[in-house]
Chemist: 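This is the structure, below, for whatever I ask next.
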Amino acid sequence: MTAKTPPRTYRVKSFGCQMNVYDGERMAELLATRGITPAPEGEDADLVVLNTCHIREKAAEKVYSDIGRLVKAGKAAGREPMIAVAGCVAQAEGEEIMARAPAVSMVVGPQAYHRLPEMLDKAVKGERATDTDMPPIAKFDALPERRKIGPTAFLTVQEGCDKFCTYCVVPYTRGAEISRPYSDLVAEAHKLVEAGAREITLLGQNVSAWSGEDTKGHKVGLAGLIRDLARIDGLKRIRYTTSHPADMDDALIAAHGEIDKLMPYLHLPVQSGNDRVLKAMNRSHTAESYLRLLERFRAARPDLALSGDFIVGFPGETEAEFADTLALVDAVGYAQAYSFKYSPRPGTPAATMDGQVPKDVMDDRLQRLQALLNRDQHAFNEGSVGKTCQVLIERKGKHANQWLGKSPWLQSVWFDGDYTIGDLVEVELLEAGPNSLAGRIIEPVIA
Ligand code: SAH
Ligand code: SF4
Ligand code: F3S
């Protein structure tokens with residue numbers, strides 16, 4: 001490869017989960033330390049970082065077609081964009097990407113992206129670089145300070161997963177579970193609030209497994225961390241995602257009843273409502289134990305909104321087993337949920353299991369499941385009409401004077417008025433649509 005002009009502008013495109021969004025922000029901050037600025041909206045960037053996800057079918061093919069599109073657009077404009085592939089596809093298929101896509105200058109895994117600036121130096125010299133190492137914790141120490149951000153911010157507190165659900169690539173792409181140290185997280189949360197955050201969502205592939213030691217040397221879990229972060233003055237709201245049913249402890253349940261700043265929302269993936277399927281998935285819960293756990297959360301916080309993840313068509317799933325998932329959905333009444341068709345991921349045990357379910361059966365099951373979930377989401381939104389709640393304004397709406405914010409239950413709420421992004425306002429919920437609610441301001445701005 002020949003030497004390249006140092007990039008002046010960048011674009012980071014993040015796919016997949018919120019942890020990738022967080023990583024994307026941190027990569028942008030790293031590039032900014034090199035004086036590289038975000039490419040203006042609608043303009044091509046000199047450097048494009050594809051921050052990829054490996055969880056869905058055809059994830060790798062999508063990356064190759066994105067690369068192809070970038071090269072083609074560059075050619076048409078008489079330029080050659082520098083391309084970096086980051087994220088979980090980079091981790092899983094780094095060498096193949098280098099071999100198959102000569103236009104790619106850098107491949108960097110989710111645990112190594114702090115080394116992006118050095119890789120960039122090499123790329124400018126015309127050397128292609130791959131880094132998919134998994135150093136235990138070095139990344140976070142090497143990242144620059146948080147810069148200015150919006151009213152809601154992500155904070156990765158835990159990474160990796162030791163659960164090895166038989167369908168899932170995450171333990172391979174993100175590595176073993178690690179918890180970031182308590183004091184680093186408290187410091188980063190302060191920085192986020194100073195930079196404008198009023199809400200922080202604590203992130204982890206398995207966030208409820210976070211553990212650490214507080215400043216007095218006492219062992220603390222996620223609930224203890226939330227309790228301490230809630231003491232930060234300008235911070236108004238705390239959320240966390242994603243949890244695994246196996247790591248939900250009494251302290252976290254109690255925290256939902258005791259800490260006002262902890263929002264009444266819980267995303268707790270179940271995947272299936274059938275115990276045989278759950279066992280084959282290597283999930284450690286049963287449908288019954290999951291339902292009992294939710295009951296305890298609801299006892300602590302009766303208005304808790306629930307969310308979950310579902311997979312339909314796991315290998316061997318029969319119609320009767322799928323019906324158990326529908327029954328579980330009926331029993332829970334989710335406010336919101338994500339549902340997926342099973343996708344065999346290379347290298348995972350389920351990919352070679354007998355009884356792969358035909359595509360049309362999966363399509364049909366997904367449709368039926370989503371019809372139920374949509375019904376419940378709508379019912380949840382309808383049930384909120386007439387309530388008054390605080391809404392954190394996240395952005396301007398489509399019409400003049402219109403604003404969009406989130407309710408405590410993570411519903412999108414629209415209303416009119418003259419406000420600023422980041423304002424917390426008291427809103428009466430007037431009308432429910434399938435995905436959002438219309439509201440009316442009761443109390444303008446709450447400090
Ligand atoms: N750590 C989280 C979720 C990680 S992945 C948890 O376990 O709760 C996000 C969701 O993607 C999973 O909850 C699951 O529903 C879905 N998913 C993961 N692997 C999948 C696969 N091979 N096929 C279909 N859906 C999958
Ligand atoms: Fe994947 Fe299971 Fe870990 Fe979630 S808990 S990241 S689904 S292996
Ligand atoms: Fe995807 Fe990796 Fe997140 S596979 S869901 S980006 S952890």
Side-chain angles (χ1 to χ4, degrees), residues 12-24 27 50-60 62-63 85-93 108-111 113 132 134 154 156 158-178 203-210 240-248 266-273 277-278 280-285 290 293 306-315 317 325 334 337-353 356-357 359 362 365-366 369-370 373:
V12 179
K13 290 183 160 189
S14 290
F15 306 91
C17 62
Q18 287 138 323
M19 304 202 54
N20 253 18
V21 175
Y22 175 88
D23 292 344
M27 283 190 265
L50 297 172
N51 190 22
T52 60
C53 171
H54 202 223
I55 214 134
R56 306 269 162 266
E57 196 144 26
K58 304 207 171 76
K62 190 178 171 315
V63 178
V85 181
C88 290
V89 180
Q91 187 67 39
E93 309 202 9
V108 62
Q111 307 300 2
Y113 64 76
T132 48
M134 291 199 174
F154 290 137
T156 291
Q158 181 277 340
E159 288 208 295
C161 183
D162 296 341
K163 296 283 189 276
F164 290 94
C165 301
T166 52
Y167 50 81
C168 184
V169 284
V170 172
Y172 311 98
T173 60
R174 294 275 172 165
E177 281 180 11
I178 56 142
L203 297 180
Q205 262 90 27
N206 203 354
V207 69
S208 40
W210 181 86
Y240 63 92
T241 198
T242 298
S243 311
H244 189 289
D247 294 309
M248 308 304 273
L266 175 66
H267 180 65
L268 193 62
V270 63
Q271 314 300 356
S272 163
V277 174
L278 287 168
M281 287 176 164
N282 195 30
R283 300 287 292 184
S284 49
H285 54 90
Y290 176 84
L293 184 59
L306 292 167
S307 166
D309 290 353
F310 297 88
I311 296 175
V312 302
F314 184 80
E317 184 190 67
T325 299
Y334 289 94
Y338 303 91
S339 46
F340 312 99
K341 283 184 273 189
Y342 167 72
S343 147
R345 304 285 71 219
T348 59
T352 50
M353 281 180 187
Q356 299 285 326
V357 175
K359 191 179 165 301
M362 281 209 257
R365 288 183 189 166
L366 188 67
L369 174 62
Q370 289 185 340
L373 292 168

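Just so you know, ligand 1 is whichever comes first in the structure, and atom 1 is the first atom listed for that ligand.
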Chemist: Is the distance between the ring centroids of Phe340 and Phe314 under 6.0 Å?
Modeler: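 No, the ring of Phe340 stays outside the 6.0 Å limit from the ring of Phe314, centre to centre.
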Chemist: Just the distances, no angles: every ligand 1 N or O to protein N or O pair closer than 3.5 Å, one line each.
Modeler:
residue	atom	partner	partner atom	Å
ligand 1	1 (N)	Gln205	O	2.6
ligand 1	7 (O)	Arg283	NH1	3.4
ligand 1	13 (O)	Gln271	NE2	2.8
ligand 1	13 (O)	Asp309	OD2	2.6
ligand 1	15 (O)	Gln271	OE1	2.7
ligand 1	22 (N)	Tyr167	O	2.9
ligand 1	22 (N)	Ser343	O	2.8
ligand 1	23 (N)	Ser343	N	2.9

Chemist: Are any side-chain N or O atoms of Thr52 and backbone N or O atoms of Val89, one a donor and one an acceptor, separated by less than 3.5 Å?
Modeler: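 Yes.
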Chemist: Keeping waters out of it, list the protein N, O or S atoms under 2.8 Å from atom 2 (Fe) of ligand 3.
Modeler: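 Less than 2.8 Å away from atom 2 (Fe) of ligand 3 sit Cys88 SG.
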Chemist: Test His54 against Glu93 for side chain to side chain donor-acceptor pair (under 3.5 Å), laying out the working first.
Modeler: CA-CA 10 Å; His54 202 223; Glu93 309 202 9; 3.2 Å; yes
Chemist: Exactly one of Val277, Leu278, Thr166 should register a side chain to side chain contact (heavy atoms under 4.5 Å, CB included) with Arg283. Which one does?
Modeler: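 With Arg283 as partner, side chain to side chain contact (heavy atoms under 4.5 Å, CB included) holds for just one option, Leu278.
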Chemist: Working to the nearest 0.5 angstrom, can you tell me the gap between Tyr338 OH and Leu373 CG?
Modeler: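 So the OH of Tyr338 and the CG of Leu373 are separated by 12.0 Å.
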Chemist: Working to the nearest 0.5 angstrom, can you tell me the gap between Ile311 CD1 and Cys168 SG?
Modeler: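 Atom-to-atom, Ile311:CD1 and Cys168:SG are 7.5 Å apart.
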Chemist: Donor-acceptor pair, Gln158 side chain versus Gln205 backbone, under 3.5 Å?
Modeler: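 Side chain of Gln158 to backbone of Gln205, a donor-acceptor pair under 3.5 Å: yes, one is there.
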Chemist: Checking a contact table here: which protein heavy atom is nearest atom 7 (S) of ligand 2, and how many Å away?
Modeler: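 Looking at atom 7 (S) of ligand 2, the protein heavy atom closest to it is Tyr167 OH, 3.2 Å.
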Chemist: Tell me if a side-chain donor or acceptor on Gln356 pairs with a main-chain N or O of Ala350 at a distance below 3.5 Å.
Modeler: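 Checked: pair present.
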Chemist: Would you say Gln91's side chain and Thr132's backbone share a donor-acceptor pair under 3.5 angstrom?
Modeler: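 Yes; at least one donor-acceptor contact below 3.5 Å.
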Chemist: Quick check: does any side chain N or O of Tyr290 sit under 3.5 Å from a backbone N or O of Leu268, one acting as donor and the other as acceptor?
Modeler: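 Indeed, once roles are kept as given, a pair shorter than 3.5 Å links the two residues.
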Chemist: Which protein non-hydrogen atom lies closest to atom 4 (Fe) of ligand 2, naming both residue and atom, and how far is it?
Modeler: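 So the nearest neighbour among protein heavy atoms is Arg283 NH1, 4.4 Å.
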Chemist: Going by atom types only, do Gln271 and Tyr167 share a side-chain donor-acceptor pair under 3.5 Å?
Modeler: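 Distance-only check passes for Gln271 and Tyr167.
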Chemist: Under a 4.0 angstrom heavy-atom cut-off, which atoms of ligand 3 come close to Gln205?
Modeler: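 Contacts of ligand 3 toward Gln205, numbered from 1: 7 (S).
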Chemist: Nearest 0.5 Å, please: how far is OG in Ser272 from CG in Leu369?
Modeler: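 Output value for this atom pair is 10.0 Å.
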Chemist: Got a sec: does the NZ of Lys163 have more than 12 other heavy atoms crowding it under 6.0 Å?
Modeler: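 Correct, the count exceeds 12.
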Chemist: Suppose the cut-off is 2.8 Å; which protein N/O/S atoms would you list for atom 3 (Fe) of ligand 2?
Modeler: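 Near atom 3 (Fe) of ligand 2, below 2.8 Å, one finds Cys161 SG.
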Chemist: The criterion is side chain to side chain contact (heavy atoms under 4.5 Å, CB included); which residues satisfy it with Ala209, sequence neighbours excluded?
Modeler: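 Result, side chain to side chain contact (heavy atoms under 4.5 Å, CB included) vs Ala209: Glu177, Asn206, Asp247.
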